[in-house]
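In what follows, a structure is listed as structure tokens, so that the remarks can point back to it.
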Amino acid sequence: MSQLAILEYPDPRLRKIARPVTIFDDRLRKLVSDMAETMYSAPGVGLAATQVDVHERIIVIDVSEAKDALHVFINPELLSASEETIECEEGCLSVPGVYETVRRPAKVRVRAMDEHGRPFERDCSDMLAVCVQHEMDHLEGRVFVEYLSALKQMRIRTRMRKRHARQTALT
């Protein structure tokens, strides 16, 4: 296993739309394992392949306190979303240090496959539902800051560019 580099907003590669996974092999299982290690080390609760510059429809999530309940969603599809919504403070490994409140459906039903190609459907609620939607947005080339006002988006882009410039100057 190895940790992968996480792209940071506003990197244009985060805007790429991920393609479906068609081959379920050892390469895919290693990628899922590496993504999980990267997510846990960051530390985070979710990671989409897009965030590590792999533009395939793969997400890993673990919202458990003990970090021992990994969910793998390959080629996820949202089957339904509740009319009931919740507001959650979201953060993102691609937008480090930024946390903003976003409103999303409180419950979703998802169809996906596991890393072996076995299909499943899962009802998700609360934090898991929010994370699934957040990570699925990445697969569509969207970052959570796009749900914010234009002014907040501009401030976050500026902050992230300054952060990147500082990091580049240190190397």
Side-chain angles (χ1 to χ4, degrees), residues 1-19 21 23-76 88-102 104 108 110 112-118 120 122 124-147 156-157 159-171:
M1 293 196 312
S2 59
Q3 289 187 32
L4 306 168
I6 298 172
L7 300 177
E8 289 190 3
Y9 180 80
D11 191 306
R13 293 172 289 180
L14 289 169
R15 301 197 58 70
K16 288 177 115 177
I17 296 174
R19 65 187 176 280
V21 172
I23 299 172
F24 293 79
D25 58 4
D26 289 340
R27 179 205 66 88
L28 174 67
R29 286 182 282 285
K30 180 176 181 344
L31 175 59
V32 166
S33 178
D34 291 347
M35 286 175 60
E37 180 180 341
T38 301
M39 175 190 71
Y40 288 127
S41 296
V45 296
L47 186 69
T50 300
Q51 293 176 271
V52 294
D53 203 20
V54 176
H55 302 283
E56 297 179 55
R57 299 187 72 76
I58 306 163
I59 59 178
V60 295
I61 296 173
D62 188 343
V63 295
S64 70
E65 289 292 324
K67 300 300 177 207
D68 61 356
L70 182 68
H71 298 280
V72 177
F73 298 87
I74 301 187
N75 298 334
C88 247
E89 186 175 74
E90 294 188 26
C92 182
L93 296 177
S94 290
V95 194
V98 174
Y99 300 90
E100 292 287 343
T101 301
V102 177
R104 295 186 187 267
V108 295
V110 179
M113 290 181 252
D114 67 14
E115 62 271 31
H116 301 285
R118 294 183 294 243
F120 65 90
R122 179 162 291 131
C124 306
S125 59
D126 304 317
M127 184 64 152
L128 181 57
V130 168
C131 287
V132 164
Q133 293 170 81
H134 176 111
E135 300 308 333
M136 286 180 70
D137 277 350
H138 281 297
L139 302 180
E140 297 300 324
R142 286 190 303 266
V143 179
F144 88 100
V145 298
E146 293 174 35
Y147 291 95
I156 292 167
R157 273 193 305 275
R159 179 175 170 186
M160 296 305 297
R161 285 187 179 119
K162 285 180 181 177
R163 173 187 160 90
H164 180 71
R166 279 193 308 272
Q167 288 175 338
T168 302
L170 294 174
T171 56

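Partner of F73 under the side-chain contact (heavy atoms from CB on, under 4.5 Å) criterion, chosen from R122, M136, M113: R122.
Residues V63 and V130 fail the side-chain proximity criterion, which asks for heavy atoms closer than 4.5 Å. Residues L4 and L31 are in side-chain contact: their nearest non-hydrogen atoms beyond the backbone lie under 4.5 Å apart. Y9 is listed as a side-chain neighbour of I156, based on a closest heavy-atom distance under 4.5 Å.
Residues satisfying the salt bridge (Lys or Arg N to Asp or Glu O under 4.0 Å) test with D62, not counting sequence neighbours, are none. Judged as a salt bridge (Lys or Arg N to Asp or Glu O under 4.0 Å), and not counting sequence neighbours, the contacts of D26 are R29.
A salt bridge is absent between R15 and E140; no separation between the charged side-chain nitrogens and carboxylate oxygens falls under 4.0 Å. In this structure, R27 pairs ionically with E56, as a charged nitrogen and a carboxylate oxygen lie closer than 4.0 Å.
In this structure, D34 contributes its side chain and S2 its backbone to a donor-acceptor pair below 3.5 Å. Counting only distance, with no hydrogens or angles, the side chain of E135 and the backbone of V132 share no donor-acceptor pair below 3.5 Å. A distance-only check finds a donor-acceptor pair linking the side chain of N75 to the backbone of V21 [under 3.5 Å]. With E37 contributing its side chain and S33 its backbone, the two residues share no donor-acceptor pair below 3.5 Å.
Closest approach of K67 to V45, counting heavy atoms only: NZ-CG1, 3.4 Å. Contact detail for I6 and A42: the closest heavy-atom pair is CD1-CB, 4.4 Å. Shown here for I74 and E115, the closest heavy-atom pair between the two residues is CD1-CA, 3.6 Å. Across all their heavy atoms, A112 and P76 have their closest contact at CB-CA, 3.9 Å. Across all their heavy atoms, S64 and A69 have their closest contact at OG-N, 3.6 Å. Shortest non-hydrogen contact noted between M39 and V60 is SD-O, 3.7 Å.
Between atom NZ of residue K162 and atom CZ of residue R157 there is a gap of 13.5 Å, rounded to the nearest 0.5 Å. Taken from NE2 in H71 to CZ in F120, the straight-line distance is 9.0 Å, to the nearest 0.5 Å. Here D11 contributes atom CG and D53 contributes atom CG; the two are 7.5 Å apart, rounded to the nearest 0.5 Å. Taken from CG in L47 to CE in M35, the straight-line distance is 4.5 Å, to the nearest 0.5 Å. Atoms CZ and CG, on R57 and L139 in that order, are 5.0 Å from each other to the nearest 0.5 Å. Considering CD1 of I17 and NE2 of H138, their distance stands at 14.0 Å, rounded to 0.5 Å.
The six-membered or imidazole ring of F24 lies away from that of H116, with a centre-to-centre distance of 6.0 Å or more.
Judged by the 6.0 Å distance and 45° axis criteria, R104 is positioned over the aromatic ring of Y147.
Judged by distance alone, the side chains of S41 and Q3 do bring a donor and an acceptor atom under 3.5 Å apart.
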Distance-only criterion, 3.5 Å: show the donor-acceptor pairs between side-chain atoms of residues 91-100 and protein atoms not counting sequence neighbours.
from	atom 1	to	atom 2	distance (Å)
S94	OG	L7	O	2.8
S94	OG	Q51	NE2	3.0
E100	OE1	K152	NZ	3.1

Exercise. Would H164 and E8 satisfy side-chain hydrogen bond (donor to acceptor under 3.5 Å, both in side chains), going step by step from the backbone distance to the final call?
Worked result: CA-CA 9 Å; H164 180 71; E8 289 190 3; 5.7 Å; no
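Heavy atoms from other residues, nucleotides or ligands lying under 6.0 Å from CD of Q167 number more than 12.
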